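These notes are about the structure you will find just below.
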Amino acid sequence: MPRETMTHKRERAAEIERRLYDYYGEGACSLDYRDPFTLTIAVILSAQCTDAAVNKVTPELFDRFGTPEALAHARLEDIESVIHPLGFFRAKAKNIIGCAQTVLADFGGEIPNDIDALQTLPGVGRKTANVVMCQAFRNPQGIAVDTHVFRIAHRLGFATRNDDTPQKTEEKLLKLYPQRDWLFINHQWVRFGREFCSARRPRCADCLLADLCPSRGKEAN
C-alpha cells in the first residue's frame with residue numbers, strides 16, 4: 001500500500017475527532033475530584049490501577065486530607081492506611097504527601113497552571129500534568145498518553161513501532177491535531193478504548209471508526 005501523506009493523515013484524524021465528538025461529546029473525566037489539587041492527587045493515585053479503584057478511596061482521603069495543608073502535615077501511615085487497596089500504595093503515599101508539601105512551599109498552596117511547573121511536583125509526570133492542564137484549567141499544552149491512547153494511536157496508524165514511548169506517541173499526535181482538539185482526545189479515546197477498541201478483543205465489526213482504521217479486523221498486539 002502507498003504511504004499515507006501527512007495531508008491525508010490529518011484529514012483522517014479530523015474525521016475521527018468529528019465522529020468521536022458526535023458520539024462522546026467532550027468526554028468526561030472518570031476520576032472523582034473537587035478542585036485542581038484533588039484532581040492532581042487522584043491522577044497520581046491512578047498510576048497502574050483503575051480509576052474505579054481510586055474513586056473508592058478518595059472520598060475518605062479528601063474528607064480527611066483534601067487540602068495541601070492537611071495532606072502536607074499528614075502522617076505517612078495514615079495515608080497508607082487510606083489508600084492501601086491501591087497498587088504501590090506506599091510509594092504513592094510518599095508522592096502525594098511530597099506533592100502537597102511542594103505545592104505549599106513552591107506555589108503558595110495552589111496547583112500551578114503551567115505544564116513544566118506541574119512536573120516538578122512529586123509523582124507528576126507529563127501524562128498527569130497534561131490531564132490536569134486540560135481538566136482543571138482547560139489549557140491544553142499536550143495530550144495525555146495513557147495505555148488506551150497509546151494503543152489506539154498505533155492501531156489507527158498515527159504512530160509506528162518506532163514510537164515506542166508515550167512521549168514519542170504524543171509528539172506524533174500533536175502534529176496531527178490542532179491544539180483545540182487536545183482538550184478532548186484523552187477522555188474520548190479512553191472511553192472509545194473501553195467501549196470498542198479494547199486491548200484483547202476490539203469490536204471492529206461494530207466500530208464507528210472501522211472505515212478509517214488500517215488495523216480493522218486484525219488481531220492487535
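Remember, it's a predicted structure, so these values are computed and weren't measured experimentally.
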Any donor-acceptor pair under 3.5 Å linking the side chain of [X] with the backbone of [Y]?
X: N55; Y: D32; answer: yes
X: E170; Y: I143; answer: yes
X: R203; Y: E195; answer: yes

Between [X] and [Y]: side-chain donor-acceptor atoms closer than 3.5 Å:
X: D181; Y: Q179; result: no
X: Q135; Y: H187; result: yes
X: N113; Y: N139; result: yes
X: D78; Y: S81; result: no

| query | Can D211 and R19 be said to form a salt bridge (Lys or Arg N to Asp or Glu O under 4.0 Å), step by step? | reply | CA-CA 12 Å; D211 59 314; R19 293 187 193 182; 2.6 Å; yes

Can you find a heavy atom in the side chain of [X] that is under 4.5 Å from one in the side chain of [Y]?
X: D163; Y: T160; answer: yes
X: K92; Y: I83; answer: yes
X: H8; Y: T5; answer: yes
X: S46; Y: V43; answer: yes
X: L121; Y: F107; answer: yes
X: I16; Y: F158; answer: yes

| query | Quick check: are there more than 12 heavy atoms from other residues, nucleotides or ligands sitting under 6.0 Å from NZ of K175? | reply |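 Check fails, neighbour count at 12 or below.
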
| request: Might you confirm whether atom NZ of K9 has over 12 heavy atoms from other residues, nucleotides or ligands at distances under 6.0 Å? | output: yes

| So F89 and H84, would you call those rings parallel, tilted or perpendicular, with 30° and 60° as cut-offs? | tilted

| field | With sequence neighbours excluded, residues passing salt bridge (charged side-chain N to carboxylate O under 4.0 Å, His left out) with E11 | value | none

| query | Out of curiosity, K127 NZ to Q167 CD, how far, rounded to the nearest 0.5 Å? | reply |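 K127 atom NZ to Q167 atom CD measures 14.5 Å (nearest 0.5 Å).
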
| field | Shared hydrophobic cluster for Y21 and W189 (ILVMFWY, side-chain gaps under 4.5 Å) | value |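 Unlinked, Y21 and W189 end up in two clusters.
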
